[in-house]
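Worksheet: the structure to be examined is printed underneath.
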Amino acid sequence: MLRKASSLFLLVLLAVSLAASAFAQEITFSSTQFVPIEEQEFARNHILAPFTAETGITVHLICEDDGPFFDRLIAEARAGRAVSDVFGTLHGNVPILVAEGVAADLGDITSIPGRTYISEFVNLGKMEGKQVYVPWMQATYVMMANKKALDYLPEGADLNALTYDELLEWARILQEETGGPKLGLPAGPSGLFGRMLHGYLYPSFTGYQVQAFNTPEAVEMWEYLKELNRFVHPSSGIWAAMSDPLLFEEVWLAWDHTARLTAAVRENPDKFIAFPAPAGPKGRAFITVLTGIGITQGSQNFDAAMELIKYITSPDVQVQVLEGTGFFPTTLEAVDHIPEGPEKILASAVSRQADSPDGIVSLLPVGLGGRTGEFVPLYLDTYQAIVVMNRPIQETLDAQWALLQDLFESMGAEYPNP
Amino acid sequence: MSLLRRIPLPILLLSPTLIFLTLFFVIPLVQVSGLAFQSPDSVFTLSNFDRMVSDIYFDGALRNTIILLILIIPVQLVLAFAAALIVNQRRRGSTFFLYIYAIPLGISDLAAGLIWLSIFTERGYLNSILHNLGILERPLIFLSSMTPKWMVAAIVLTEVWRATPLVMVILLSGLQMIAKDYTEAAETFGCTWWQKVRYVILPLLKPSIQSALIMRTMLAFQMFGPILVLAGRQLPVFASESYYWYTTVRNPRVAAAYALMLMALSVVATFLYLLLLRTKDEQVGVM
């Protein structure tokens with residue numbers, strides 16, 4: 001009798017746990033975004049928790065740097081066991097995943113109701129004939145200044161139409177009047193200064209990110225950078241993000257990724273002003289950074305994963321993400337709904353930069369596959385050689401150009417726009 | 001059981017170590033060599049080493065790796081020896097001193113780097129203190145490529161603070177193995193404290209010094225966390241370059257070439273220590 005009861009009990013237990021597992025679906029979301037701990041907390045509490053409450057799908061969020069992110073996803077794909085269901089990463093990283101067979105085809109995403117993804121971004125997410133990601137978030141890099149620095153703005157300079165010459169003059173005046181360098185750049189090992197070199201300075205001075213690498217215009221640009229470096233804060237070499245140096249007033253003037261400036265405006269919205277990047281002889285070049293979110297090939301939870309993607313790219317959630325992390329929406333519906341506040345300070349600089357009459361949009365290179373990571377270091381090494389080590393400009397440029405050319409040629413990749 | 005009995009005891013006792021070393025050292029070593037000496041299509045090549053040597057950071061990395069070693073190891077050895085002598089006196093409170101001294105051993109090198117970063121940044125503790133005392137008018141910038149000496153000094157300080165206890169623990173265990181008879185005999189002959197240290201303790205401690213030096217040097221070659229935090233890539237060393245090539249550039253082959261360079265340096269250093277600090281037979285087995 002007792003035996004019968006206990007086996008019945010076990011049977012019930014089994015049935016209950018089976019039913020529970022059928023209802024409570026779990027998916028794993030690997031991301032190279034949301035790595036800073038505050039952003040992770042935000043994502044877990046304000047995006048994923050409401051999603052679980054709405055759909056009953058539990059999401060395990062894994063945020064990590066590029067290295068471990070690739071290693072794990074590629075290992076899972078090679079082993080044929082997709083533990084991660086959803087991946088979220090930079091557009092420039094996706095080709096590596098596609099080359100390794102990590103990304104699944106998402107089909108037609110333009111028919112998802114309630115949002116219109118910016119069509120240029122949808123096209124960027126098509127690789128090897130598949131839609132491998134949904135446009136998730138976008139960002140760019142702008143300038144930010146402590147309002148105190150405005151008193152030292154060179155005469156006749158317009159903050160929203162600044163030139164690189166005026167920036168140099170401004171940095172010089174600041175250093176001479178305040179007694180120390182006040183311009184900061186995120187040139188530390190995890191900083192994004194390399195993006196300023198290839199996506200901002202090069203196209204602004206030469207008209208191209210890559211092709212004009214060792215032309216006379218490029219030499220002129222490097223001479224400018226050597227001059228500018230005299231007024232750049234020497235700690236720039238260890239900074240990853242400029243929000244802290246701005247908040248601590250180590251610098252009054254900085255260039256960085258919008259997400260890495262957000263903490264400053266949020267902490268003290270009245271103290272800072274954001275404005276577009278400067279223009280050079282060829283125009284005002286700036287990068288649009290796009291992140292995509294996709295599903296792994298072989299995921300056992302494709303439908304649940306798609307639910308998450310739809311939720312996370314819905315207009316309200318996108319505005320929330322902007323408030324939480326400083327990344328801007330990728331849908332037309334969400335762009336109109338950004339409320340007043342610190343985000344508006346950045347958003348207005350972003351839109352002024354995008355709308356500037358002399359604007360040049362730089363896209364990150366695609367098609368470098370497994371060697372994508374070598375692109376930016378080539379520019380950073382050139383900076384190190386010319387500006388820090390004071391090596392002859394033309395010779396250094398010729399040597400680095402050979403490496404750069406070899407990189408694009410051996411991968412059969414096209415040069416990025418412009 | 002009968003099978004186990006047939007294996008000679010020494011081999012049986014060595015086997016866990018051998019298996020461990022094979023799994024986690026020999027096999028990875030072969031794999032790393034494979035990466036470093038092969039092109040992506042598995043053809044033997046030296047191009048990865050070419051790429052490494054022609055990289056603009058290579059010369060600096062080689063120089064810094066060796067300079068840091070030369071600065072750190074002797075300082076650590078002297079400090080650790082002094083501390084070991086103090087603890088070995090077994091006066092009241094020496095155990096307490098031992099525990100305090102050993103605290104940094106429990107801290108990861110990255111955390112140690114962060115602690116010292118908070119001291120040395122422009123708005124860090126050191127600048128605040130100097131400023132509040134009226135010694136400085138405006139904060140000094142210690143950690144920048146314009147002040148490489150300060151950067152090196154900060155790293156040496158961090159590393160000395162963090163890893164000296166390890167050397168001390170090894171030396172202390174060596175000191176405790178030296179039989180009292182020797183020092184008592186020296187005292188009977190009227191040796192001063194310094195003579196005792198110089199002619200009795202140091203020679204008898206040579207085996208411990210040798211193993212401490214070998215361990216410390218190898219770990220110093222691999223030092224990485226504090227450098228990454230305090231200097232970024234402004235002060236490249238082999239270990240951080242290997243990491244950089246692997247994670248940022250995502251070129252595991254050049255990273256492997258750097259790793260092999262590190263191993264070559266470690267082997268040379270170990271060989272030199274074994275040669276220079278050769279222990280005579282009568283110094284072994286002092287009990």
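This is a predicted model, so every value here is computed, not measured. Below, chains carry the letters A, B, ... as their sequence lines are ordered, and counting in each starts from 1.
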With a 4.5 angstrom heavy-atom cut-off, which part of [X] approaches chain A: side chain, backbone, both or neither?
{"X": "B:F142", "value": "neither"}
{"X": "B:L117", "value": "side chain"}
{"X": "B:L143", "value": "both"}
{"X": "B:Q234", "value": "side chain"}

Crowding at [atom1], [X] (>12 non-hydrogen neighbours, <6.0 Å):
{"X": "B:F224", "atom1": "CZ", "answer": "yes"}
{"X": "B:M215", "atom1": "CE", "answer": "no"}
{"X": "B:W161", "atom1": "CH2", "answer": "yes"}
{"X": "B:Y125", "atom1": "OH", "answer": "no"}
{"X": "B:F44", "atom1": "CZ", "answer": "yes"}
{"X": "A:E176", "atom1": "CD", "answer": "yes"}

Identify which of [options] forms the greatest number of heavy-atom pairs closer than 4.5 Å to chain B.
{"options": "A:V376, A:I96, A:V388, A:D71", "answer": "A:D71"}
{"options": "A:G67, A:G191, A:G179", "answer": "A:G179"}
{"options": "A:H233, A:M389, A:E249", "answer": "A:H233"}

So that I can tick it off, tell me whether B:R233 and A:D381 are bridged by a salt bridge, with the cut-off set at under 4.0 angstrom between side-chain N and carboxylate O.
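Yes, charged N to carboxylate O under 4.0 Å.
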In Å and rounded to the nearest 0.5 Å, what is the [atom1] to [atom2] distance from [X] to [Y]?
{"X": "A:L368", "Y": "B:R250", "atom1": "CG", "atom2": "CZ", "answer": "14.0 Å"}
{"X": "A:Q400", "Y": "B:I56", "atom1": "CD", "atom2": "CD1", "answer": "6.5 Å"}
{"X": "A:L403", "Y": "B:R51", "atom1": "CG", "atom2": "CZ", "answer": "6.0 Å"}
{"X": "B:Y57", "Y": "A:L380", "atom1": "OH", "atom2": "CG", "answer": "7.0 Å"}
{"X": "B:T247", "Y": "A:D66", "atom1": "OG1", "atom2": "CG", "answer": "8.5 Å"}
{"X": "B:I141", "Y": "A:S236", "atom1": "CD1", "atom2": "OG", "answer": "9.0 Å"}

Which heavy atom in A:P189 sits nearest to a heavy atom in B:G232, and how many Å separate them?
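A:P189 and B:G232 have their closest heavy atoms at CG-CA, 3.3 Å.
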Closest non-hydrogen atom pair, A:S235 against B:S144:
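That would be N-CB, 4.1 Å.
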Taking the side chain as every heavy atom from C-beta outward, state whether B:N251 and A:E374 have any pair of such atoms under 4.5 Å apart.
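When only atoms from C-beta onward are counted, A:E374 and B:N251 do touch, with a gap below 4.5 Å.
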